[in-house]
Amino acid sequence: MNEARPGGVCEPVGVTMYRVRVEAPTAGALQVVTALADASGVDLVSSGHPSKLTDDTVELIVEVDGSRAAVESAIDAIRDELVDGASISLDD
């Protein structure tokens, strides 16, 4: 959300960037990040390269824009659907 200022300059209002950490099986990590990007009120800004944690698990750090409430809500909804051994968390 942007708020117009005199002179045509817009400043962001109420939206903050957050880092989200995903640890998941290699095949499922992209699905987790896609679900986060598709969540209401959350926009994917950037993604790092996956880091291999084990033979079948990767860690992926992504940055998203949105209100803290929207990001936390998305993470909670995704967490409920994760396969065993996968995790998603907000990096404060």
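When a residue number appears, it is its place in the shown sequence, counting from 1.
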Quiz prompt | Step-by-step side-chain contact (heavy atoms from CB on, under 4.5 Å) determination, V45 to M17 | solution = CA-CA 8 Å; V45 175; M17 192 174 317; 4.2 Å; yes
Quiz item: What closest approach, in Å, do L60 and H49 show between heavy atoms, and which atom pair accounts for it?
Solution: CD1-C, 3.9 Å
Quiz prompt | P25 vs V83 side-chain heavy atoms within contact, under 4.5 Å | solution = yes
Quiz item: Roughly how far, to the nearest 0.5 Å, is the CD atom of E23 from the OG1 atom of T54?
Solution: 9.5 Å
Quiz item: Where the side chain of S73 meets the backbone of A69, is there a donor-acceptor pair that is under 3.5 Å apart?
Solution: no
Quiz prompt | For the student: nearest non-hydrogen atoms of A24 and G28, plus distance | solution = CB-C, 4.4 Å
Practice problem: Measure the OH-CG distance between Y18 and D65 for me, rounded to the nearest 0.5 Å. | Solution: 9.5 Å
Quiz item: Do other residues, nucleotides or ligands put more than 12 heavy atoms under 6.0 Å from E63 CD?
Solution: yes
Self-check item: R79 side chain to I88 backbone, donor-acceptor under 3.5 Å
Solution: yes
Quiz prompt | Audit row: V62, L44, side-chain contact (heavy atoms from CB on, under 4.5 Å) steps and yes/no | solution = CA-CA 7 Å; V62 298; L44 182 65; 3.8 Å; yes
Quiz item: Do you know the tightest heavy-atom contact between P50 and V58?
Solution: CB-CB, 4.2 Å
Quiz item: Of all heavy-atom pairs between A74 and L36, which one has the smallest distance, and what is that distance?
Solution: CB-CD1, 4.0 Å
Exercise. Determine, step by step, whether L82 and V32 satisfy the side-chain contact (heavy atoms from CB on, under 4.5 Å) criterion, reporting the C-alpha distance in whole Å, the side-chain angles of both residues, the deciding distance to 0.1 Å, and the verdict.
Key: CA-CA 8 Å; L82 291 175; V32 172; 3.6 Å; yes
Quiz item: In Å, rounded to the nearest 0.5 Å, how long is the span from CZ of R21 to CD1 of I61?
Solution: 3.5 Å
Practice problem: Any chance you could measure E72, atom CD, to S89, atom OG, to the nearest 0.5 Å? | Solution: 12.0 Å
Quiz item: D43 and V64: side-chain contact (heavy atoms from CB on, under 4.5 Å), yes or no, with the steps?
Solution: CA-CA 5 Å; D43 292 313; V64 296; over 6 Å; no
